[in-house]
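Since the structure comes first, as structure tokens, the remarks are kept for the end.
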Amino acid sequence: MNERKLLQLEMDRTLRPEGERPSSTTVMTRRTFLHKSLCYGAAGAATYALLPLINTMDVAFAADGQSFRFAWLSDTHLYPKSLNTRFVDKMVRAVKEIQGMNPPADFLIFGGDLAQLGDPVELKLGAELLGEIKIKKHFIPGEHDWYLDMGKTWSKMFGAPPWTFDHKGVRFIGLDTVSHGPDYWTARKMTPQERMGHMATLDGSVAGPWAGLGSEQLKWLNSTLSSWGKDKPVIIFSHNPLYEYYPQWNFWVRDWREVHEILKPYSNVTNIHGHTHQALYNEIGKLRSIGMLATSWPWPYAPEGVPVLTRPMIRADPGDHFDAVGWSSLAVSGMARVEYEYMMWRKEVFATAPVDSGTEDNRNQILSPRIADRL
Amino acid sequence: MVSKKNYTRLAIVLALVSLGLGMQQVYAHKEPHALDQLAAFEQVFMEQVRVGDLLFHGDGDTQKNLNVNLSRTGMACAMCHPFASDTHPHEFPKFQEQMSQFATLRDMINWCIEKPNEGERIDPDGPAMKALEAYIYWSNRNSKLDPGRH
Ligand SMILES: [Fe+2]
Ligand SMILES: [Fe+2]
């Protein structure tokens, strides 16, 4: 058994005691929100049929009956307009639809990877496009936003995480899981562009296990939660998932054990994350984690480590822009407490047969990590 | 990087190869292989894997050297296929829905160059294609042959 498998077993053993499930007082409905009319409306709009765009969430708390909705947008990966307009077009649409929500969302979370290479031109383009959204906006960074100038432009434009606020009985927390990477650039005398280039290579090995909270932020998380009731609802936003899915692509935070140690006493925590560009669902102990979709492009499921509770989305066909347009309404089986639903701009969101699934079609695939960037 | 020693090995291999081409008969298998000869074969292969990896990750210099333009969107193959996932070299040849035809891995590489990448299709027998193929196969070398799987 390899080291990864052992780690995963350990995670299961220590963090998923028998019978332990998240609190049932939160009912969450997730849907990806796209208007058919918009798909057919503007010329060319229909060419983006493939990708799910925004994620909206209905959060209804049985306890005090206050329900509300907020929107999540992430992983837009903007290049300068002159190089790539596809990503711009998709973000423009998402922005329009968020602004068009009726009733309006209470706020928007931007979940990181606004830019592709951290270029101020890209970040400014992103800010300009987001300017069309008039509701309150909260930002957490992705690695693509950060490693050109170590977050200088980002922090100036969008403020520095971590942050917290309370809204209608929920404590919201925004984390920074990207800025604590080990220094791989100084000794090798890299230019900022080279540093960014390695960070922007998902399957590269040079940047190493960069995703994490770091000890300062762990302390902050601990004290931020300690003033909140153990059974009161908490929603934590992070760019990376707060559990170990696939470390080689930083589909994790390296200090997940410490995070879970801190979260253990709280019975009603939901983590919402970006970075993985795919539909994901996991429960560990009392923590539930939901992976959000990108507007830019979908990533294949990792060759191992996909949480068993995830209902995989259907394989993407990059060539058929009109593929499966429409709405979908689904409930995840075996999870009466959390009801979540995608309404994505394609006929089917989740695979019903193995052959169509983003995980099961790789039946005989065994991948080996690259070596070229270590030669 | 290729070391001096490896260059010598490479030279031996190239000499062997040109010898084989120049003559009617092929001599390569008549004598037992020496260890450093095998190492040199491996070296030739891994160099192709390395070049293919660079192409797959969008390296500009390598594309220029080989006179190919694999993408006009800024996107590299690896952005959708990390570790060459989902390229499924072990499944080819197969009927390819996107093209409505029975297709090879090389057909599909060119398809992805032209469609999602909006790049320029490459010579199906040229050095860039061979290098991409080397990288994709190497990354999937433990996959189980499964030709025809959709
Ligand atoms: Fe991303
Ligand atoms: Fe990311």
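Below, chains carry the letters A, B, ... as their sequence lines are ordered, and counting in each starts from 1. Being a predicted model, the structure only gives us computed values, none of them experimental.
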> Contact part of A:L83 toward chain B, heavy-atom cut-off under 4.5 Å: side chain, backbone, both or neither?
Replying inline: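 Both backbone and side chain.
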
>> Please classify the contact between A:F87 and chain B as side chain, backbone, both or neither, with a heavy-atom cut-off of under 4.5 Å.
In response: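 Answer is side chain: those atoms of A:F87 sit under 4.5 Å from chain B.
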
>> Could you check, using the six-membered ring where one of them is a Trp, whether A:W154 and A:H239 have ring centers closer than 6.0 angstrom?
In response: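 Ring-ring flag for A:W154/A:H239: false, centres at least 6.0 Å apart.
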
>> Just checking A:Q193: does its CD atom have more than 12 heavy atoms from other residues, nucleotides or ligands closer to it than 6.0 angstrom?
In response: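 Yes, enclosed.
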
> So which of B:H57, B:H90, B:K144 has the largest heavy-atom pair count under 4.5 angstrom toward chain A?
Replying inline: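 Most heavy-atom pairs within the cutoff with chain A belong to B:H57.
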
> Picking from B:I109, B:N140, B:L145, what satisfies side-chain contact (heavy atoms from CB on, under 4.5 Å) with B:P89?
Replying inline: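 Filter result, single survivor: B:N140.
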
What part of [X] is in contact with chain A, defined as an atom under 4.5 angstrom from a non-hydrogen atom: side chain, backbone, both or neither?
{"X": "B:H150", "value": "both"}
{"X": "B:E91", "value": "side chain"}
{"X": "B:F56", "value": "neither"}

>> Between A:N362 and B:H88, do the side chains contain a donor N or O and an acceptor N or O under 3.5 Å apart?
In response: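 A:N362 and B:H88 do have a side-chain donor-acceptor pair below 3.5 Å.
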
> Any side-chain heavy atom of B:S85 within less than 4.5 Å of one from A:P303?
Replying inline: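 No; the side chains remain at least 4.5 Å from each other.
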
> Any side-chain heavy atom of A:S296 sitting closer than 4.5 Å to one from A:H277?
Replying inline: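 Yes - at least one pair of side-chain heavy atoms lies under 4.5 Å apart.
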
>> My understanding is that only residues two or more places apart in sequence, or in another chain, count here; which of them pass ring pair (Phe, Tyr, Trp, His ring centres under 6.0 Å) with A:H144?
In response: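 Listed in chain order: A:H77.
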
> chain A contacts: which residues in residues 60-75 of chain B have a non-hydrogen atom closer than 4.5 Å to it?
Replying inline: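 Listed by number, the contacting residues are B:R72, B:T73, B:G74, B:M75.
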
Identify all side-chain donor-acceptor contacts of residues 122-132 of chain B below 3.5 Å with residues at least two apart in sequence or on another chain.
| unit_1 | atom_1 | unit_2 | atom_2 | d |
| --- | --- | --- | --- | --- |
| B:D123 | OD1 | B:D125 | N | 2.9 |
| B:D125 | OD1 | B:R106 | NH1 | 3.1 |

> Can you name the residues that form a salt bridge (charged side-chain N to carboxylate O under 4.0 Å, His left out) with B:D107, not counting sequence neighbours?
Replying inline: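 If we apply the salt bridge (charged side-chain N to carboxylate O under 4.0 Å, His left out) test to B:D107, skipping adjacent residues, there are no hits.
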
